[in-house]
Student: 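Here it is: the structure, laid out below.
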Amino acid sequence: MATSSSRRIRLGLFVQPVGQHVSGWRLTENLGDPTDIDWLITIAKKAEAGKFDLFFVGDALATSMYRLPSTMARLEPLTLLSALAVNTKRIGLAATASTTFSDPFTMARSFSSLDHISRGRAAWNVVTSFSTDVARNFSRSDMPNHAERYARAREFLDVTYKLWDGWQAGAVQPNKETGQYFIDDKIQPINHVGEHFQVQGPLNITRSPQGRPVIIEAGSSSDGQKLAAETAEVIFTASASLEEAQSFYRSQKDQVIAAGRNPDHVVIMPGVMPIVGRTREEAKALWKELNTLVDIDNGLRQLSLRFNMDLSQYPLDGPVPEVPLGEGNQSRVKLMTDMAKRENLTLRDLAAVAAGSRGHRVIVGTAQDIADDFELWLNEGGADGFNIMPAIMSEQLDLFVELVIPELRRRGLFREEYEFATLRENLGLPVV
């Protein structure tokens, strides 16, 4: 399929050191330790060799009650990315950090430090926590409601921006003759007083190479889309079909315009789990084997937790019950229930998909099949790029870099080399 667009696909690597598929670690021949820095450096270097835009580390502030390897043990993201920053040169380094149980001064300082250490490659995936297990780790018995969490997040970002902008370029000009090191007028306190925060400032670190680290957000709820329209530069999302992706893409870009921003300065990247094979038969066999290893009871418990209702009372081979949207992870619940209706999935089917793919879209096939899919979504207004979630680490990442990326390059859809030094520039975002 020849492309009619001169646009290029952006690619992020969503990093699960033991593989994104819940059964992936059982099929790898080289099982990595999620707290082994050498293993994580190896993965980052593979992604950088493939010229990925982003190495993205998700995070949560509570362990999983289901004892999943990927959620039970992980390094703190900013600590990890600081180590990766000195072992890579061009790939962007993105970390999840919550606004619900943190403060803007610490967050602004930490990400500015990462941007300095990486020489302009830092990105912050802004999230609000939603689990009561997280609340209990921070001396609370309950979680703020959905609207309150997003109101706090909006003010949190406002304060963070003010702190980053409190240092202007050229604030440091050491003059040995006069003894003056700083230009005082270029360093300003922010004196913020709001509903959630009172912060004097200025930040105690100089302006970083990007000015501001790249801001990433995810979420399809109305509050999430509004916040992203006003503040995000990269949006992670989960869309199960092209039609669904197009609807979200149009809605989000329209809201960006309504917020007075340039829609070309917001990059939308749905998550996808590609099952790459040298032949379609090989890819299909691997997908079948992965799902055969899924623990359905575990998957059912995960769905129950996500849907905030006990699904064990419903027949496994019957339809997925109606699920009311609550205060939790609204966008992912809707995605999964819509998928069940569209594809006529039984509760057993949805539990297997949910446990295996964690609710994201799966493409099973050859490099040509995957490139066809990516090209279609790019040209038809479904995405600006994709957040790649290898099912098995590192075999599926290796095959993606070996087979899929050259096919994308052959079609003129992906870079041969990094064009710029900073993440912001490589993503085509304006310097701030």
Side-chain angles (χ1 to χ4, degrees), residues 8-17 37-59 74-97 106-127 157 160-161 163-165 167 169 203 205-218 231-236 265-269 384-388 397 401 405 414-432:
R8 288 187 179 178
I9 289 172
R10 282 83 162 207
L11 291 178
L13 175 66
F14 184 89
V15 180
Q16 293 284 9
I37 189 60
D38 291 332
W39 172 243
L40 290 156
I41 289 170
T42 297
I43 295 172
K45 286 185 172 180
K46 287 178 187 234
E48 188 167 61
K51 313 304 178 189
F52 276 75
D53 291 274
L54 280 169
F55 180 103
F56 169 55
V57 181
D59 193 38
R74 52 180 138 199
L75 296 174
E76 190 281 316
L78 284 165
T79 308
L80 164 61
L81 294 184
S82 294
L84 297 183
V86 296
N87 284 280
T88 56
K89 298 294 185 185
R90 288 289 181 266
I91 193 168
L93 301 170
T96 293
T106 300
M107 196 75 77
R109 186 186 188 199
S110 296
F111 275 97
S112 187
S113 296
L114 178 62
D115 207 44
H116 277 289
I117 293 168
S118 65
R119 293 182 170 86
R121 295 183 285 135
W124 172 20
N125 179 42
V126 181
V127 301
L157 280 165
T160 306
Y161 291 161
L163 287 166
W164 282 331
D165 293 343
W167 282 78
L203 201 61
I205 185 170
T206 59
R207 189 171 184 84
S208 69
Q210 294 187 110
R212 298 177 185 175
V214 172
I215 298 296
I216 304 171
E217 291 170 34
T231 61
E233 296 169 295
V234 175
I235 296 175
F236 291 158
H265 296 164
V266 178
V267 180
I268 296 179
M269 299 174 65
D384 297 312
F386 301 92
N387 206 18
I388 305 301
L397 172 60
V401 171
I405 286 180
F414 195 63
R415 66 168 60 89
E416 295 285 344
E417 294 291 341
Y418 292 106
E419 295 90 348
F420 303 100
T422 71
L423 171 60
R424 182 173 291 281
E425 291 172 295
N426 280 320
L427 287 173
L429 300 174
V431 176
V432 295

Student: Quick check against the 3.5 Å criterion: does Asp53 have a side-chain atom that pairs as donor or acceptor with the backbone of Arg10?
Tutor: no
Student: State, with a plain yes or no, whether a side-chain heavy atom of Leu40 is found less than 4.5 Å away from one of Arg74.
Tutor: no
Student: Kindly say whether Thr206 contributes a backbone atom to a donor-acceptor pair with the side chain of His116 at under 3.5 angstrom?
Tutor: yes
Student: Nearest 0.5 angstrom please: Leu78 CG to Met107 CE, how far?
Tutor: 8.0 Å
Student: Provide the closest heavy-atom pair for Pro77 versus Gly58 in the form atom of the first, atom of the second, distance.
Tutor: CG-O, 4.4 Å
Student: Specify the closest pair of heavy atoms between Thr96 and Asp59, including all atoms of both residues, with the distance to one decimal.
Tutor: CB-N, 3.6 Å
Student: Looking at Val431, is its backbone amide N or carbonyl O close enough to the side chain of Glu425 to form a donor-acceptor pair, meaning the two atoms are under 3.5 Å apart?
Tutor: no
Student: Quick check: do Leu114 and Arg121 have side-chain heavy atoms less than 4.5 Å from each other?
Tutor: no
Student: Treating Glu233 as the side-chain partner and Val266 as the backbone partner, does any N or O pair qualify as donor plus acceptor under 3.5 Å?
Tutor: no
Student: Closest approach of Gly50 and Val401, non-hydrogen atoms and distance?
Tutor: CA-CG1, 4.0 Å
Student: Does the Asn426 side chain pair with the main chain of Phe420, one donor and one acceptor, at a distance under 3.5 Å?
Tutor: yes
Student: Any side-chain heavy atom of Ser113 within less than 4.5 Å of one from Ile205?
Tutor: yes
Student: Are Trp164 and Leu203 side-chain neighbours, meaning at least one heavy-atom pair lies under 4.5 Å?
Tutor: yes
Student: Where is the tightest heavy-atom contact between Ala94 and Ile216, given as atom of each residue plus distance?
Tutor: CB-CD1, 3.7 Å
Student: Are any side-chain N or O atoms of Glu48 and backbone N or O atoms of Lys89, one a donor and one an acceptor, separated by less than 3.5 Å?
Tutor: yes
Student: Could you tell me whether the side chain of Leu157 reaches within less than 4.5 Å of the side chain of Trp124, counting heavy atoms only?
Tutor: yes
Student: With ring pair (Phe, Tyr, Trp, His ring centres under 6.0 Å) as the criterion, how do Phe56 and Phe236 come out once you've worked through the C-alpha distance, each side chain's angles and the decisive distance to 0.1 Å?
Tutor: CA-CA 11 Å; Phe56 169 55; Phe236 291 158; 4.8 Å; yes
Student: So, applying side chain to side chain contact (heavy atoms under 4.5 Å, CB included) with Leu54, which one of Leu423, Leu11, Ile91, Asn125 is it?
Tutor: Leu423
Student: Against the six-membered ring of Tyr161, is Arg212 placed for a cation-pi contact (under 6.0 Å from the centre, within 45° of the normal)?
Tutor: yes
Student: Would you indicate whether Arg415, at its atom CZ, is surrounded by more than 12 heavy atoms from other residues, nucleotides or ligands within a distance under 6.0 Å?
Tutor: yes
Student: For the CE atom of Met269 and the CG atom of Asp384, what is their distance to the nearest 0.5 Å?
Tutor: 9.0 Å
Student: Using modelled atom types only, decide if a donor and an acceptor are shared between the side chain of Gln210 and the backbone of Pro213 within a distance under 3.5 Å.
Tutor: no
Student: So how far is it from Ile215 CD1 to Leu429 CG, rounded to the nearest 0.5 Å?
Tutor: 11.0 Å
Student: Is any side-chain heavy atom of Leu397 closer than 4.5 Å to a side-chain heavy atom of Leu13?
Tutor: yes
Student: Measuring only between side-chain heavy atoms, which start at C-beta, is Val234 closer than 4.5 Å to Val214?
Tutor: yes
Student: Mind running salt bridge (charged side-chain N to carboxylate O under 4.0 Å, His left out) on Glu419 and Lys51 for me, showing each step along the way?
Tutor: CA-CA 10 Å; Glu419 295 90 348; Lys51 313 304 178 189; over 6 Å; no
Student: State, yes or no, whether a side-chain contact exists between Ile405 and Phe52 at a heavy-atom distance under 4.5 Å.
Tutor: yes
Student: Determine, step by step, whether Arg90 and Glu417 satisfy the salt bridge (charged side-chain N to carboxylate O under 4.0 Å, His left out) criterion, reporting the C-alpha distance in whole Å, the side-chain angles of both residues, the deciding distance to 0.1 Å, and the verdict.
Tutor: CA-CA 10 Å; Arg90 288 289 181 266; Glu417 294 291 341; over 6 Å; no
